[in-house]
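What follows is a set of notes on a single structure, which appears directly below.
Chain letters run A, B, ... following the sequence lines, proteins first, then strands; residues in each count from 1.
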Amino acid sequence: MPELPEVETIKIKLQRFLIGHNIVDIKVNWIKTFPKDTEVIIGSTVSTIRRFGKVLVIDFENGYSLVIHIKMTGQLIYRGPNLNTESSLSKKVYGGIPGKHTHVIFNLDRSGILYYNDMRKFGWMKVVKSDELRSIALLKSMGPEPLGSLTLEIFREILNKNKKSVKETIMDQTKIGGIGNIYANDALYFAKIHPTRKANSLTEDESKLLLHSLEEVLKRGISKGGASENSYVTPDGTEGNYQDIALVYGKKGRECKNCGSIIERIVIGGRGTFYCNTCQK
DNA sequence: AGTCAAACCTGGGCGC
DNA sequence: TGCGCCCAGGTTTGAC
């Protein structure tokens, strides 16, 4: 679930809470989430926060970085100074904070606290030197960003080289960084392209339209603070709103807003895929 | 090399 | 009410 717009939202909100502050203590309750090196970043100041695809990177002034992947159900929730809402905590923060699903607690200066909740425990954290991020395989192999270095020329080349479905291709993190199931479904609907189409079968016009559609739905996702269809919440504990304007994701059996046909669900590459069989060719 | 299932996990929704 | 089953899905791993 958490994809580029969700992680971007987390990045933006955490920048306000963390930059210029120190971690004074880290408590790890589930060792598989954060197995080692917790002490390396204690006492150093957060300098920058970055995002690569779905991966969050918190940089410290001592030359180390905390790399976080929240997978599907990870939640980073801050409590403390600078929290401008009386942030009623979303009930999607299963078990509360701290609670049953709180696996890591970062105690910050000025009494701030950053909680990491993860119901399914798939997410992970690790510390690496900031200039050695590429030692993490996922970051080393990450494809270009759809709102960054992904040009039409590169996109055309990616599609032309792949005979898998266009949906699997755009979700492949080694080809393009940051697209997951929600925005892949919606972008293909927006571009009126059938998700089972082979990537290399798209015409130049279709490729252009799909790239524009990806940019459009991702921007909408960011402007809505991400999609809280599932367990995603933002660092102030509130929900995102993209699910309210989602085009087809999760809408099996509902009417297509464009033509009135019933939205169908199939499985592509092991993942639920929603589309309009009338609009998408 | 490429394809595919399994593994990591837990809660929610379903049928009976 | 409750039990068992299947599903959700990002990424890695291991088997054919």
Side-chain angles (χ1 to χ4, degrees), chain A residues 1-10 28-35 51-57 67-76 90-97 99-104 116-126 133-143 145-146 158 161-188 195-196 198-200 218 221 226-233 239-240 242-243 246 248-253 263-274:
Chain A
M1 305 268 117
E3 309 174 28
L4 188 156
E6 287 73 29
V7 183
E8 180 70 13
T9 301
I10 292 170
V28 178
N29 295 327
W30 184 256
I31 197 70
K32 285 186 180 178
T33 297
F34 197 168
R51 179 191 58 75
F52 299 93
K54 303 167 188 173
V55 179
L56 188 72
V57 176
V67 183
I68 305 174
H69 197 313
I70 67 172
K71 294 290 183 80
M72 281 84 68
T73 58
Q75 302 173 324
L76 286 161
S90 162
K91 60 176 183 282
K92 289 180 184 293
V93 181
Y94 302 109
I97 43 171
K100 182 182 174 186
H101 302 295
T102 305
H103 307 313
V104 185
Y116 179 71
N117 270 23
D118 191 347
M119 185 180 78
R120 293 176 66 182
K121 299 176 177 169
F122 283 12
W124 51 258
M125 302 183 187
K126 57 185 73 174
L133 288 180
R134 291 173 69 82
S135 66
I136 293 171
L138 180 61
L139 290 176
K140 186 177 182 183
S141 65
M142 184 81 66
E145 291 272 334
I158 290 166
K161 280 197 304 195
N162 283 280
K163 50 186 188 292
K164 280 192 168 186
S165 71
V166 59
K167 180 164 184 262
E168 288 170 282
T169 302
I170 61 176
M171 287 176 66
D172 183 338
Q173 302 302 297
T174 67
K175 296 184 174 68
I176 302 170
I179 314 287
N181 206 23
I182 296 175
Y183 297 96
N185 276 287
D186 276 10
L188 287 163
T196 59
K198 301 299 175 201
N200 62 11
L218 292 170
S228 290
E229 178 92 14
N230 217 308
S231 57
Y232 161 79
V233 295
E239 299 178 15
Y242 182 79
Q243 69 280 3
V248 283
Y249 180 79
K251 299 196 182 300
K252 181 190 175 186
I263 300 298
E264 298 180 31
R265 179 187 184 276
I266 55 174
V267 174
I268 297 176
R271 293 186 186 91
T273 302
F274 303 88

(request) Would you please classify the geometry between the A:F274 ring and the A:Y249 ring as parallel, tilted or perpendicular, with 30° and 60° separating the classes? (result) perpendicular
(request) Take atom NZ of A:K161 and atom C1' of B:dA1, then tell me their distance rounded to the nearest Å. (result) 15 Å
(request) Let me know the distance between NZ of A:K163 and P of B:dA1, rounded to the nearest Å. (result) 13 Å
(request) Rounded to whole angstrom, note down the C1' distance from B:dA6 over to C:dC7. (result) 16 Å
(message) Do A:S228 and A:K92 pair up side chain to side chain, a donor and an acceptor below 3.5 Å, judged on atom types alone?
(response) no
(request) State whether a side-chain donor-acceptor pair under 3.5 Å links A:K100 with A:N117. (result) no
(message) Just so I know, are the side chains of A:L133 and A:F52 near enough to count as touching, which here means a heavy-atom distance under 4.5 Å?
(response) yes
(request) Return the value, rounded to whole Å, for the distance between atom CE of A:M142 and atom C1' of C:dT12. (result) 14 Å
(message) Can you confirm whether A:I68 sits close enough to A:M125 that some side-chain heavy atom of one is under 4.5 Å from a side-chain heavy atom of the other?
(response) yes
(message) Any base atoms under 4.0 Å from A:L138, or only sugar-phosphate, or nothing? Heavy atoms, all strands.
(response) sugar-phosphate
(request) Measure the distance from CG on A:N230 to C1' on C:dC7 and round it to the nearest whole Å. (result) 11 Å
(request) Sugar-phosphate means primed atoms, P, OP1 and OP2; the rest is base. With that split, encode nucleotides 7-14 of chain B 5' to 3' as B, S or - using protein heavy atoms under 4.0 Å. (result) -BBBSS--
(request) Taking atom types as modelled, find out whether A:Y183 and A:E6 have a side-chain donor-acceptor pair closer than 3.5 angstrom. (result) yes
(message) Give the dot-bracket line for DNA chain B from 5' end to 3' end: parentheses for intra-strand Watson-Crick or G-U pairs under 3.5 Å, square brackets for crossings, | for inter-strand pairing, dots for unpaired.
(response) .|||||||.|||||||
(request) Round to the nearest Å and state the distance from A:I68 atom CD1 to C:dG10 atom P. (result) 19 Å
(request) Kindly say if A:Q173 contacts the phosphate of C:dG10, meaning a side-chain N or O under 4.0 Å from OP1 or OP2. (result) no
(message) From NZ of A:K175 over to C1' of C:dG10, roughly how many Å is that when rounded to an integer?
(response) 15 Å
(message) Distance check needed: C:dT11 P versus A:L4 CG, whole Å only.
(response) 11 Å
(message) Work out how far the C1' atom of B:dG11 is from that of C:dT12, and round it to whole angstrom.
(response) 24 Å
(request) Applying side-chain hydrogen bond (donor to acceptor under 3.5 Å, both in side chains), run through A:K167 and A:N181 and close with a yes or a no. (result) CA-CA 9 Å; A:K167 180 164 184 262; A:N181 206 23; 2.7 Å; yes
(request) Indicate whether OP1 or OP2 belonging to C:dT11 is found under 4.0 Å from a side-chain N or O atom of A:H69. (result) yes
(request) Provide, to the nearest angstrom, the distance between the CH2 atom belonging to A:W124 and the P atom belonging to C:dT13. (result) 11 Å
(request) Check whether any side-chain N or O of A:K54 sits under 4.0 Å from OP1 or OP2 of C:dT11, and answer yes or no. (result) yes
(request) Would you indicate what A:G270 reaches in the nucleic acid, counting non-hydrogen atoms under 4.0 angstrom: base, sugar-phosphate, or nothing? (result) nothing
(request) Sort out for me which residue in A:D118, A:L76, A:L56 forms a side-chain contact (heavy atoms from CB on, under 4.5 Å) with A:I70. (result) A:L76
(message) Taking salt bridge (Lys or Arg N to Asp or Glu O under 4.0 Å) as the criterion, tell me which of A:K54, A:R51, A:K175 meets it with A:E145.
(response) A:R51
(request) Between A:V267 and A:I179, just flag the one whose closest nucleotide in DNA chain C comes earlier from the 5' side. (result) A:V267
(request) Report yes if some heavy atom in the side chain of A:K32 is under 4.5 Å from a heavy atom in the side chain of A:K121; otherwise report no. (result) no
